Novice: 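Below is a structure I'd like to ask you about.
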Amino acid sequence: MQEAAMICFAGSVIGVVIGCLVMIPFGNFIETQFGMPYLTPDVPWVIMVAVISLVVSAVAGSLTSIVASRKISRMDTGLILREN
């Protein structure tokens, strides 16, 4: 469970960082390509959304790993080993 939580958190951090790296420098490019105004959010707003995204994705990943581990723990060990 700890390994699954660490993987979920690492993936969340990577996703948030990539999202920020795309959103901030390409704001003007997006505005000119689509011909629509693009307002970059304030830094506190971006930080708040990033933290909320990290928490939600880490919790969701941990919950899915709990469901999977419960399902596997109910199966017979011999069946698990024979099926790969």
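If you're wondering where the values come from, they're calculated on a predicted model, not measured in any experiment. Quick note: residue numbers are just sequence positions, from 1.
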Novice: Taking all heavy atoms of C8 and all of S62, pick out the closest pair and write down the distance.
Specialist: SG-N, 4.1 Å

Novice: Taking all non-hydrogen atoms of both residues into account, name the closest pair between E31 and M36 and its distance.
Specialist: CG-O, 3.0 Å

Novice: Could you list the donor-acceptor pairs under 3.5 angstrom formed by side chains in residues 19-27, with sequence neighbours left out?
Specialist:
none

Novice: Do V16 and F9 belong together in a cluster built from hydrophobic side chains that touch within less than 4.5 Å?
Specialist: yes

Novice: Check the pair W45, M48 against side chain to side chain contact (heavy atoms under 4.5 Å, CB included), reporting the backbone distance first and the verdict last.
Specialist: CA-CA 5 Å; W45 179 257; M48 182 182 69; 3.0 Å; yes

Novice: Return a table of donor-acceptor pairs under 3.5 angstrom between the side chains of residues 49-60 and protein atoms on other chains or two or more places apart.
Specialist:
unit_1, atom_1, unit_2, atom_2, d
S53, OG, V49, O, 2.8
S57, OG, S12, OG, 2.4
S57, OG, S53, O, 2.8
S57, OG, L54, O, 3.2

Novice: Rounded to the nearest 0.5 Å, what separation is found between the CD atom of Q2 and the OG atom of S65?
Specialist: 11.5 Å

